[in-house]
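Data block below; observations after.
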Amino acid sequence: MRQPIEVKYLSGETVDLIAVYPDFVLFEEKFQKHPIVLTMDDFRMTDQGFLAWACLTREKKTELSWEDWRNTVEAVRYTDEDVDLVPL
């Protein structure tokens with residue numbers, strides 16, 4: 001499974017990411033649920049942000065803790081580009 005994510009920082013910088021298996025596992029271990037929203041009733045901004053942070057951490061693109069990193073972010077969103085949904 002792959003999930004494209006766009007992060008926009010307060011500085012104006014934008015970063016495009018692809019969350020993959022290790023990022024989903026880290027998310028599931030922390031929150032005990034799957035990070036992909038199935039309905040708007042399930043939507044939580046924390047979910048998108050944590051998955052983005054997990055990806056950045058895995059790729060060694062940030063050394064900030066989850067709490068410190070989220071204070072640098074203006075917006076996080078899932079994007080549709082190259083979504084490759086593969087059953088686990």
Side-chain angles (χ1 to χ4, degrees):
M1 177 171 239
R2 298 164 45 94
Q3 177 61 58
I5 302 172
E6 179 187 86
V7 176
K8 183 175 182 182
Y9 289 98
L10 293 170
S11 67
E13 176 188 10
T14 301
V15 177
D16 293 313
L17 309 165
I18 302 288
V20 293
Y21 180 77
D23 309 318
F24 289 100
V25 170
L26 185 62
F27 180 98
E28 289 179 349
E29 288 173 347
K30 178 159 179 78
F31 296 108
Q32 301 301 307
K33 68 175 190 169
H34 195 278
I36 300 301
V37 173
L38 300 177
T39 69
M40 283 309 291
D41 291 337
D42 297 331
F43 177 80
R44 293 185 64 206
M45 294 182 77
T46 302
D47 296 351
Q48 291 178 317
F50 188 86
L51 193 59
W53 174 82
C55 183
L56 288 164
T57 301
R58 175 182 50 80
E59 293 180 354
K60 297 183 180 9
K61 292 183 178 177
T62 186
E63 293 181 7
L64 296 174
S65 69
W66 160 239
E67 292 78 12
D68 291 337
W69 176 82
R70 69 183 179 208
N71 289 327
T72 68
V73 175
E74 179 178 321
V76 177
R77 71 181 186 97
Y78 293 155
T79 60
D80 298 6
E81 303 168 24
D82 291 328
V83 174
D84 181 18
L85 299 177
V86 178
L88 297 177

Quick one: list whatever passes salt bridge (charged side-chain N to carboxylate O under 4.0 Å, His left out) with Arg58, sequence neighbours left out. Asp23
With a 4.5 Å limit on heavy-atom distance, are the side chains of Phe31 and Thr46 in contact? yes
Is any side-chain heavy atom of Tyr78 closer than 4.5 Å to a side-chain heavy atom of Leu51? yes
Show the nearest heavy-atom pair for residues Gln3 and Thr79, with the distance to one decimal. NE2-O, 3.4 Å
Closest non-hydrogen atom pair between Lys33 and Arg44, with its separation: NZ-CD, 3.9 Å
How long is the gap from [atom1] on [X] to [atom2] on [Y], to the nearest 0.5 Å?
X	Y	atom1	atom2	value
Cys55	Asp16	SG	CG	10.5 Å
Trp66	Asn71	CH2	CG	9.5 Å
Arg2	Ile18	CZ	CD1	5.0 Å
Trp69	Glu63	CH2	CD	15.5 Å
Leu17	Glu6	CG	CD	9.5 Å
Arg70	Met45	CZ	CE	12.0 Å

Let me see the working for Val76 and Trp53 under side-chain contact (heavy atoms from CB on, under 4.5 Å), right down to the final yes or no. CA-CA 10 Å; Val76 177; Trp53 174 82; over 6 Å; no
For Lys8, is the NZ atom crowded, meaning more than 12 foreign heavy atoms sit under 6.0 Å from it? no
